[in-house]
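Each chain gets a letter, A, B and so on, in the order the sequences are listed, and its residues count up from 1.
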Amino acid sequence: MYPELRTQTSPDEREQQVLARWKEHNVFGRSVNEHSSDKVFSFYEGPPTVNGVPGIHHVLSRTLKDVICRYKTMQGFRVERKGGWDTHGLPVELAIEKELGFKHKHDIIEYGVEAFNKKCREMVYANIANPAGWRAMTERMAYWVDMDRPYITCEPSYIESIWWALKQFHDKGLIYKGHKIQPYCPRCETALSSHEVALGYDTAKDPSVYVKFRRKNAAEEEYFLAWTTTPWTLLANLALAVHPDVYYVTVINKRKDKVERLVLAEALLTKLEGEYEVVSMVKGSELEGHQYEPLFDFLVRDPEYGPKLANAYKIVNDTYVSTEDGTGIVHQAPAFGEDDYRVAQKYGFPVIVTVTGSGEIADVITDYKGQFFKDADPHITDALKRKGLLYRKETIEHTYPFCWRCDSPLMYYARDSWYIRVTDYRKELYEKNKTINWQPPEIGEGRFGNWLEDLKDWGISRERFWGTPFPLWVSEDGKEIKAVGSFEDLVGAEWLDDAGNPTGKLFTKEDAITFDPHKPNVDKLAFKTKSGYLRRVPDVIDVWFDSGSMPFAQYHYPFENKDLFEQAYPADYISEGIDQTRGWFYTLHAINTFLFGKPPYKNVIVNDMILDKNGQKMSKSRGNTVNPFEALTTHGADAVRWNFLSSSVPWKPKLYNADDIAELERKFFNTLLNTYGFFALYANIDGYERKAESFIEPAKRSEMDRWILSKLNSLVKECTVWMDGYDLTRPARAIETFVIEEVSNWYVRRSRRRFWKGEMNADKQAAYDTIYECLLTVSKLMAPIAPFMSDILYNALGAGVSVHLAAYPTATDSIIDTALERRMQKAQIISSLVRQMRERAKIKVRQPLARILVPSGNRVEIEELRKVEDIILDEVNVKRVEHIEHGDSDVIKRKAKANYKLLGAQLGKEMKNVAARIATMSDDEITSYERQGYIDLQITTTTHRIERGEIEIIAEDVEGWLVASEYGVTVALDTEITEDLALEGLGREVINRIQNTRKEIEHFKVEDRIDEIRYFTNSIILQKALEANKDKIKEETLTGSVSSAMVKFPPEDKPNPFATFNESKGIYINHLFKAFNIEDEELKVEIIYYQDQANKKQG
RNA sequence: GGGCCUAUAGCUCAGUUGGUUAGAGCGUCCGCCUGAUAAGCGGGAGGUCAGUGGUUCAACUCCACUUAGGCCCA
């Protein structure tokens, strides 16, 4: 028995049952383990931040991961999917700080780093176990990934692998200490990540000052004009930057009582007040090296800094200088701007920090020392004004970053930091990226490629607490550095006490086994050398280094599992959001390509954001976020997954629209269920089973069967090609179309009669085999995308435990028949045209008509069409088709049209004229062309010979007939309704009414019989129609007898319907009375059917 | 300022290597069909294929620029 699937259960209940079954049969485990490790498809899971909240966009990226992994599994690969957790870093630290009510970094130190990190660890493991979080979402959406044995970035073994990697970098001389300009909160005394900075942007009123820098060695008094919104940085000014390709002018500027010579970008002359006259113009590159006098002399005077400044206070060139705002001359304070810093490195300027870590002006600036940096702004401006170096001062409102925790204005601030010199192998990263298959390619070439092209060194140290400790031990003078590459490397190091003093106790091999390297534990180890002790650099490393190390660290490589690592490296496939371009995609590439010489992944699918249905970004404040659990339970995971893939390609921003998902449920999933339901209904009646011995060879099946099988095999072929190319959208759309259009709306619609008529015979068997084949293959094709529905279908068809243990279908080329597909398409076009004409003529499809006329170009076309003739006739309810060759009939009017593609190539400019001439070809000319196979057309003075195939002949009209044409196909319809046809039409009306009535009767199954129909009507024509179609009516409505009778309708003394019990037969005899209106005539019917007691009781 | 992407019907999207009636779904109005269907079919209304220029016999398609929007970087 094929079970009924269209029960009232919700998608959620339906899918929960499947989840339970998977669990019971360990389907995921089997789907991996039943494939040998000879054929491995390697997948890397990007670790989610452990205390993050899963959102709807994660459902998208996890769908992309899952679909490919399931597909490759079905293709016979062993696809292990080790889950992972990103557990270190600020997200966790901040959550704990919030819990403890901390405001400052020193709160953590006072609280105790050991206790703090203990709390971090507890939160990490609590989140991993959290039943309402990631794990629940992942399971509910059927993303198959091994979450029972995940890699966890804070585990000692994971950290040890990272240490190994960092030592490799160090051994190659790629780790160095430098400055890094970071967004920095002076109150919290910590650098902020870019993500945090983005949280804190707000509008601020800041001074906007134009400052004059006096040019040295100039014939006349002359000033460079620069602009800034941060006067406090002027104290650290060391240079002025101009763009080498921008033109700069010297002007004589007159305003109020002043006249002065100024230099600025030509494009920004509008910034000047008063009148000006341009005296000269040069390119920025020519200004390079010109010197100017410092605004203040604090630094020059200083015994420490002074000597380093010989090279400073001059014009430098850099292309980052813009002419958007300001003056085109940018003041440079290397300690307080990323570009400034970079330019300083380029020109060899020192980095002088004039503000302390807590935001106060440093002692070296004797006049302002101790002032909060922002508070110093007005004082500095006043000083400049007194010195006559202030050109103009205004206040502007712009967006500026503030600390999202304490609201202090942030500063960009140079800090000591450790770097990996990725620039050393930038070229290799750039070149090897080209071997990665990016989907879409433009992200690989563009966004990622450009990023690699102007890569900067990677600052990897962080002055925080909960993270992978940086494994460098350094002597006091910084000259001796020891990189530790394993816990064993620590053997022999000396334990320090809490105050940092050596205890004489050494780190042993046993210590290495149980060692937890987290702070502060690791800071209590020091190495004794000749000169003293090497102590650990107290920093932790960037969490992105953690996740980028997962290819080897997840296996604790190289300390164990060498084989596992090598088998899995590089990954065949990864997939994440576009935000990971500079995140995980990059760190994976940068770390692993260095370590292993080849990129860590071969194929990537990148997905873009999910927007709400109006195209708005989702955010909590807008209140338009979508709860993934809610989406998954209301629509079912299948519908959500399918919609994500089919609505648009993953790498375009996607609009989330619940209505679209609901429509998909109705149109696709319900149609599929109904198609199955139709099959199951009749298969159960006929006791059909798929058996090898009764299987009908596809080649011996009907035109219709061979057609759908051809389409099916074409679909399999296409889907395989697309899936292999990491295109998931096309398969989803194609499967949808196949199920809705080809199977349901054409194959089943046109084949229904075969299922419900008569006994089991070869044709019926073929029909069952065919639809079974379609359903089973579709269940496999859709399994990667809709893992639930496909499995339900697969199970219902009795095909096995789970579709996810089955092989992906392969196409049989011999079954694909393109000629058949073409002629069926033509049959569909003709059917559509006939329905169009019926609409115009106001003749219902139920009314049979005598004939249609189809003009064809030649015999071959006619022969092709003959093969699908019956299908057309049945579909449009017409008795016969008349085929005519164009040339053989006078009634057909033809039109000639140029084949642009063919002719255009050879004719070139003449094309227009020739095409126009062809369009006016007479009927005689067309006939002549068809007979000879060519025609000579004269256009002005030249004659063009047009060969066969270069003109298309289309039958456009048939005189005296109703005609319609589309896609080059023309059909004429005979609209005459003879008396016989009219009677037959009425007969079909009667059948229709009775069929509708059958459906109204409770508990009346499609195969149940009506025993007797009695009818009464005053209409002569209806009487005639009933007489003429009696047999047909009996046959179609499964009725024993049909007879005319004088009955009262409805009987006054009885309910309608009523039943009598026949004791001798033990059955109920039911009487149902109905009156129908057919063509304005009344027909009264008494329908009599028997039901046995058992059936009746049900009612 | 730089890079990438996008712009086709009221909405969501197709549109193959340039080739001559630019399509589908949703929505809307009229009609039809239905013995699996919460479906389906036919018709009506709705398009300056964002704009300008270029290449070409021919441009939604290729090129350049412009405009608008998005993302990333600065």
Of all the choices, [options], which nucleotide is nearest to the side chain of [X] once you look at every atom?
{"X": "A/Met609", "options": "B/C71, B/C41, B/G19", "result": "B/C71"}
{"X": "A/Glu663", "options": "B/C13, B/C71, B/G25", "result": "B/G25"}
{"X": "A/Arg730", "options": "B/G25, B/A14, B/G15", "result": "B/G15"}
{"X": "A/Phe678", "options": "B/A36, B/G19, B/C71", "result": "B/A36"}
{"X": "A/Lys897", "options": "B/U21, B/U17, B/A39", "result": "B/U21"}

Parallel under 30°, tilted from 30 to 60°, perpendicular over 60°: which one fits the rings of A/Tyr768 and A/Phe755?
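Geometry flag for A/Phe755 against A/Tyr768: perpendicular rings.
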Plane angle bin for A/Trp438 and A/Phe448 - parallel if under 30°, tilted between 30 and 60°, otherwise perpendicular
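Ring orientation of A/Phe448 relative to A/Trp438: tilted.
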Please check the phosphate of B/A36 (OP1 and OP2 only) for any side-chain N or O of A/Tyr676 closer than 4.0 Å.
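No.
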Tell me whether the side-chain N/O atoms of A/Arg666 come closer than 4.0 Å to OP1 or OP2 in B/G25.
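No, A/Arg666 has no side-chain N/O under 4.0 Å of OP1/OP2 on B/G25.
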Can you find a donor-acceptor pair, distance only, under 3.5 Å between A/Arg846 side chain and B/C32 base?
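Donor-acceptor pair under 3.5 Å: no.
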Does A/Ser744 get its side chain close enough to the base of B/A36, under 3.5 Å, for a donor-acceptor pair?
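Side chain to base: pair found, below 3.5 Å.
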Counting the atoms with a prime plus P, OP1 and OP2 as sugar-phosphate, which does [X] contact under 4.0 Å by heavy atoms, base, sugar-phosphate, or nothing?
{"X": "A/Asp339", "result": "sugar-phosphate"}
{"X": "A/Asp608", "result": "nothing"}
{"X": "A/Val748", "result": "base"}
{"X": "A/Gly904", "result": "base"}

Can you confirm whether A/Tyr247 is buried at OH, in the sense that more than 12 heavy atoms of other residues, nucleotides or ligands lie under 6.0 Å from that atom?
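No, the 6.0 Å shell around OH holds no more than 12 heavy atoms from other groups.
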For B/C32, which nucleotide is its Watson-Crick or G-U wobble mate, given both distances must be under 3.5 Å?
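By the stated definition (distances under 3.5 Å), B/G40 pairs with B/C32.
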For the pair A/Asp686 and A/Lys764, evaluate salt bridge (Lys or Arg N to Asp or Glu O under 4.0 Å) and give the outcome as yes or no after the intermediate values.
CA-CA 10 Å; A/Asp686 285 321; A/Lys764 203 167 180 180; 2.8 Å; yes
